Enquirer: 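I have a structure here, written as structure tokens, and I will follow up with some questions on it.
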2 protein chains.
Amino acid sequence: MVKHRIQQTRKNMNDKLYSITELAEEFDITPRAIRFYETKNLLAPQRAGATRVYNYRDRARLMLVLRGKRLGFSLEDIKEYIDLYDADRSRSEQLAHLMLVGRRRIEELEQQLEDVQTTLKELRTIENEAIDSLREKGIDPEKAVADIKAKLVAETA
Amino acid sequence: MVKHRIQQTRKNMNDKLYSITELAEEFDITPRAIRFYETKNLLAPQRAGATRVYNYRDRARLMLVLRGKRLGFSLEDIKEYIDLYDADRSRSEQLAHLMLVGRRRIEELEQQLEDVQTTLKELRTIENEAIDSLREKGIDPEKAVADIKAKLVAETA
DNA sequence: CAACTGATTTACGCATACGTAAGCCCATAA
DNA sequence: TTATGGGCTTACGTATGCGTAAATCAGTTG
């Protein structure tokens, strides 16, 4: 029974449809951006008349796009990446192409992984040094940070 | 003696100066890009007359810029990051600010680390599936990839 | 039925990150 | 001395990734 309920739930999830603004609000982007991705062939939602209607697959693709953006890839690169998912797996030439393009991406990402780890180390070192310096001055680092933050917020207003 | 020689070597390394094209060629970018970074205050080489002369510190900064770019950061963000290195460590307010900005960057990079790892997993899965599919078809995956690669190179020419 | 909400297209605008001349200066090799 | 190889500045051009009207249209509400 429980299993059945879960199946139902998941089915409902997968059947769920989204408007462009729903997706925009969920991912904190503008409808304009979503439409722009469509012009770049990153999305292809159904239409109800002229109105775009997104299903869970469209939503998943959008999430891939946004992750790609966080990684600093261009929309063109992201398209190539998404195409890897949708690539025709029947022809062996396509499979080989998939491997080729995928491996290039993997190399890039391995470099990026290294860069991120290096930078994280550096930033944590800087942070720890700052904490030590503040303690030596008899200042509570956390309080100092909170104060600065409050001050910056105040300046914004 | 050996130590002395090492010192000498390092001293020579540190004293080494570079022209703009030398740096450009070393990092596979254009002199124009390097000059552009300077207009954005990411670099500030000495001048011999009008000619830019870069020392090892300038070179290190350039490397930081390029790593930031690989991470997908804007030049403005990169400047903020570099400024963390050069920040005034004497005033406690500066130290607190350093912590604040550094922590924001750390959060971003932790998200990015997660994204990179997730994407790498997905790509490796895709690659392995492609390899399996090709093997099932009695095709040597490595040869297939090499063939596709050669074909694409041929098309370019 | 008018007004309001939310969606669509078309189109111009804008910041980022350089590319690409164009024109000029300077040094060194032939 | 001429020319050839950098380097410099100024300035306009360009691709990417949307933002921002402006005008329109369909559906809902008072």
Side-chain angles (χ1 to χ4, degrees), chain A residues 16-55 58-59 61-83 105 108 111-112 115, chain B residues 16-55 58-59 61-83 105 108 111-112 115:
Chain A
K16 193 170 177 183
L17 299 176
Y18 307 82
S19 76
I20 194 167
T21 40
E22 278 175 353
L23 284 185
E25 284 172 11
E26 177 175 359
F27 297 113
D28 198 30
I29 56 179
T30 63
R32 173 72 178 92
I34 297 180
R35 289 191 197 102
F36 184 72
Y37 300 152
E38 185 174 336
T39 69
K40 297 298 169 181
N41 299 314
L42 293 168
L43 297 172
Q46 288 177 258
R47 300 278 184 140
T51 303
R52 278 162 255 251
V53 177
Y54 300 83
N55 62 24
D58 298 316
R59 184 172 170 279
R61 284 179 75 108
L62 177 56
M63 290 174 70
L64 279 181
V65 171
L66 298 179
R67 194 177 67 196
K69 288 207 63 192
R70 286 199 300 274
L71 294 177
F73 288 122
S74 70
L75 296 186
E76 202 180 326
D77 283 351
I78 292 171
K79 176 162 176 39
E80 198 190 61
Y81 173 64
I82 288 181
D83 286 348
R105 266 305 143 72
E108 276 183 61
Q111 171 65 55
Q112 201 167 342
D115 286 335
Chain B
K16 192 168 178 183
L17 299 176
Y18 307 83
S19 76
I20 194 166
T21 39
E22 279 174 354
L23 285 185
E25 283 170 9
E26 175 175 1
F27 297 113
D28 198 29
I29 55 180
T30 62
R32 173 73 178 93
I34 297 179
R35 289 191 198 102
F36 184 72
Y37 299 152
E38 186 175 335
T39 69
K40 298 296 167 182
N41 299 312
L42 293 168
L43 298 173
Q46 288 178 258
R47 302 275 183 142
T51 303
R52 279 164 253 250
V53 178
Y54 301 83
N55 62 24
D58 299 317
R59 183 172 171 279
R61 284 178 75 106
L62 177 56
M63 290 174 71
L64 279 181
V65 171
L66 298 179
R67 194 177 68 195
K69 289 208 61 193
R70 287 198 301 272
L71 293 178
F73 288 121
S74 69
L75 296 186
E76 202 180 325
D77 284 350
I78 293 170
K79 174 158 176 43
E80 200 191 57
Y81 174 65
I82 289 180
D83 286 347
R105 265 306 141 69
E108 275 183 63
Q111 171 66 55
Q112 204 169 338
D115 286 336

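Numbers restart at 1 for each chain; the letters A, B, ... are given by sequence-line order, proteins then strands. In what follows, every heavy atom counts, from backbone to side chain, and hydrogens, waters and symmetry copies are set aside. As the structure is a prediction and not an experimental result, all values here were calculated from the model.
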Enquirer: Does B:Asp83 have any side chain to side chain donor-acceptor pair (under 3.5 Å) partners at least two apart in sequence or in another chain, and if so, which?
Expert: B:Lys79
Enquirer: Report the residues that fulfil side-chain contact (heavy atoms from CB on, under 4.5 Å) with B:Gln111, sequence neighbours left out, ordered by chain and then residue number.
Expert: A:Arg70, B:Asp115
Enquirer: Could you tell me which residues satisfy side-chain contact (heavy atoms from CB on, under 4.5 Å) with B:Glu22, sequence neighbours excluded, listed by chain and number?
Expert: B:Tyr18, B:Ser19
Enquirer: In dot-bracket form, 5' to 3', how is DNA chain C paired? Count Watson-Crick and G-U wobble pairs only if both distances fall under 3.5 Å, and write | where the partner sits on another strand.
Expert: ||||||||||||||||||||||||||||||
Enquirer: Roughly how far, to the nearest 0.5 Å, is the CD atom of A:Glu108 from the CG atom of A:Asp77?
Expert: 6.5 Å
Enquirer: Kindly write out the residues that satisfy side-chain contact (heavy atoms from CB on, under 4.5 Å) with A:Thr51, not counting sequence neighbours, or none if the list is empty.
Expert: none
Enquirer: Would you tabulate the side-chain donor-acceptor contacts of residues 39-48 of chain B under 3.5 Å, counting partners in other chains and residues two or more places apart, or write 'none'?
Expert:
from: B:Thr39; atom 1: OG1; to: B:Phe36; atom 2: O; distance (Å): 2.6
from: B:Arg47; atom 1: NH1; to: B:Ala50; atom 2: O; distance (Å): 2.8
from: B:Arg47; atom 1: NH2; to: B:Glu38; atom 2: OE2; distance (Å): 3.1

Enquirer: Please collect all side chain to side chain donor-acceptor pair (under 3.5 Å) contacts where either partner lies in residues 26-37 of chain A, sequence neighbours excluded, each pair once.
Expert: A:Glu26-A:Arg59
Enquirer: Please report the shortest heavy-atom distance between A:Gln112 and A:Leu71, naming the atom on each side.
Expert: NE2-O, 3.0 Å
Enquirer: Can you name the residues that form a side-chain contact (heavy atoms from CB on, under 4.5 Å) with A:Glu80, not counting sequence neighbours?
Expert: A:Val101, A:Arg105
Enquirer: Using a 4.0 Å heavy-atom cut-off, write out nucleotides 5-19 of chain C from 5' to 3' as B (base contacted by protein), S (sugar-phosphate only) or - (no contact).
Expert: --SBB-B----SBBB
Enquirer: Which two nucleotides bound the region of DNA chain D that has atoms under 4.0 Å from heavy atoms of chain A, read 5' to 3'?
Expert: D:dT16 to D:dT20
Enquirer: Can you give each donor-acceptor pair under 3.5 Å made by side-chain atoms of residues 62-69 of chain A, sequence neighbours left out, with the distance rounded to 0.1 Å?
Expert:
from: A:Arg67; atom 1: NE; to: B:Thr119; atom 2: OG1; distance (Å): 3.1
from: A:Arg67; atom 1: NH1; to: B:Glu122; atom 2: OE2; distance (Å): 3.1
from: A:Arg67; atom 1: NH2; to: A:Tyr81; atom 2: OH; distance (Å): 3.1
from: A:Arg67; atom 1: NH2; to: B:Thr119; atom 2: OG1; distance (Å): 3.4
from: A:Arg67; atom 1: NH2; to: B:Glu122; atom 2: OE1; distance (Å): 2.5
from: A:Arg67; atom 1: NH2; to: B:Glu122; atom 2: OE2; distance (Å): 3.4

